[in-house]
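Working notes for the structure below.
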2 protein chains.
Amino acid sequence: MDTRERLIESTRELLWERGYVGTSPKAIQHRSGAGQGSMYHHFTGKPDLALAAMTRSAQEMRDSAEAAFTGPGTALQRVSAYLRRERDALKGCPVGRLTQDPDVMADPVLRKPVEETFAWLADRLAGLLAEAREDGELDAALDPAATAAALAAVVQGGYVLARAAGRPDAYAAAVEGALGLLTRPKGD
Amino acid sequence: MDTRERLIESTRELLWERGYVGTSPKAIQHRSGAGQGSMYHHFTGKPDLALAAMTRSAQEMRDSAEAAFTGPGTALQRVSAYLRRERDALKGCPVGRLTQDPDVMADPVLRKPVEETFAWLADRLAGLLAEAREDGELDAALDPAATAAALAAVVQGGYVLARAAGRPDAYAAAVEGALGLLTRPKGD
DNA sequence: GTCTATATTCGGATAGAC
DNA sequence: GTCTATCCGAATATAGAC
């Protein structure tokens, strides 16, 4: 891995662990093993490097979600698989956590990957739920878009609860609660 | 409002807006109109002042939730009222946002009010859902604790989605999606 | 491309006068 | 209780040598 690459990966880790305001150029240099001059040679400054890191994390989030969405099973099963996918619940969502960073949200350029990623996710989930509804897997009375928003929120909120409790199973409980609501037989 | 009080209130605002790492003593002094010496007279330092602010915000969160929980209507209606309660979705949850703050979570003293608040909320919601289930308002197949976790997650995640989208209605969509799942007639 | 030196401001506080 | 002075290291770079 070359220097530029190590800088990006180290920044991704630090943004995940400490957020944007909590991540200093010095910490990035230290973790990546790159020197001051090296960092400023490859990137114009902290925002530039953070953008590269955030863009990659956003892409990775989409890829791993898409892997679940295009996996085996019915539409509803694929949504369930996405929700139950292995996650490091205590670390939180590398993209979602940026939403709490004032300096990220204040800068349209930094904000864009975050905004786009969640818009994509909501849209993708809504499509799958619409498909499930057409197939009779899901109650026709449910609004796919609103239901999709609820599920995306359960994931993000599940991270918050897990971190608050200090226990990953708080995330699992939220997801199972949501799936209990989503998949219970409607004609019972 | 005396100086000590202004310091606490200003700190609450700043923690809400910028988080713990993003809030400097200087910024607190500036917003509160208190001087350096004044701040260090009333509090031993930033963590001490933050603890006072966080404790108050946590109490406020409980109080406002409790107001909805003990309001009029059936158990399920009170849960719905809590979810639909007016919120400044773009600002996020003043307590939940602290879970993203590494320096808060690393300090057991600072972490405690956050942890306790969400434990209380989950417990309270689970109790109401159990009540709803006994009253036949809620499907007997649903686990009250897991369902409660899902609802608490929808609220916290709803804030994340609203901030990501830059639109408060993303929060409302998540809540309505969750309520759609929770309250749809089971015998349809 | 990487290193070292230097610069400015901020963060987080202590000390002591008033 | 509040103010001002002072301190030391971190944050975020820029400049120029190698």
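Values below: every heavy atom of this structure, side chains too, minus hydrogens, waters and symmetry copies. Naming: A, B, ... by sequence-line order, numbering from 1 per chain.
Between dT2(D), dA13(C), dC3(C), one nucleotide has an atom nearer to the side chain of Ser38(A) than all others, and that is dC3(C). Proximity note for Ser24(A) (side chain, C-beta onward) versus dA11(D), dA13(C), dG1(C): the nearest is dA11(D). Comparing dT2(C), dA13(C), dA13(D) by their closest approach to the side chain of Pro25(B) singles out dA13(C). Between dT2(D), dG1(C), dG12(C), one nucleotide has an atom nearer to the side chain of His41(A) than all others, and that is dG1(C).
The side-chain tip of Arg87(B) points at the ring of Tyr82(B) from less than 6.0 angstrom away and within 45° of straight on.
Spacing between atom NZ of Lys46(B) and atom C1' of dG11(C) amounts to 8 Å, rounded to whole angstrom units. Residue Phe43(B) contributes atom CZ, which lies 12 Å from atom P of dT2(D) at whole-angstrom precision. Atom P of nucleotide dC10(C) and atom CD of Gln36(B) are separated by 13 Å, given to the nearest angstrom. Here the P atom of nucleotide dG1(C) and the CZ atom of Arg6(A) are 14 Å apart, to the nearest Å. Residue Gln29(A) contributes atom CD, which lies 13 Å from atom C1' of dT14(D) at whole-angstrom precision. When the C1' atom of dT2(C) is taken as reference, atom CD1 of Ile28(A) falls 17 Å away, rounded to whole Å. We find that CZ of Arg18(A) is positioned 12 Å from C1' of dA10(D), with the value rounded to whole Å. Rounding to whole angstrom units, CG of residue Asp103(B) and C1' of dG11(C) are separated by 12 Å.
Residue Lys26(A) has no polar side-chain atom (N or O) positioned under 4.0 Å from OP1 or OP2 of dA10(D). Residue Thr3(A) places at least one side-chain N or O closer than 4.0 Å to OP1 or OP2 of dT2(C).
Hydrophobic clustering (side-chain heavy atoms under 4.5 Å, transitive across Ile, Leu, Val, Met, Phe, Trp, Tyr) keeps Tyr20(A) apart from Val21(B). In the hydrophobic cluster analysis, where Ile, Leu, Val, Met, Phe, Trp and Tyr join through side-chain heavy atoms closer than 4.5 angstrom, Leu182(A) is grouped together with Leu125(A).
Residue contacts for Gly37(A): at a heavy-atom cut-off of 4.0 Å it reaches a base atom on one of the strands shown.
Residue Thr117(B) is tested with Glu60(B), Met61(B), Met54(B) for a side-chain contact (heavy atoms from CB on, under 4.5 Å); the sole match is Met61(B).
Taking CD of Gln29(B) as the start and CE of Met39(B) as the end, the distance is 5.5 Å to the nearest 0.5 Å.
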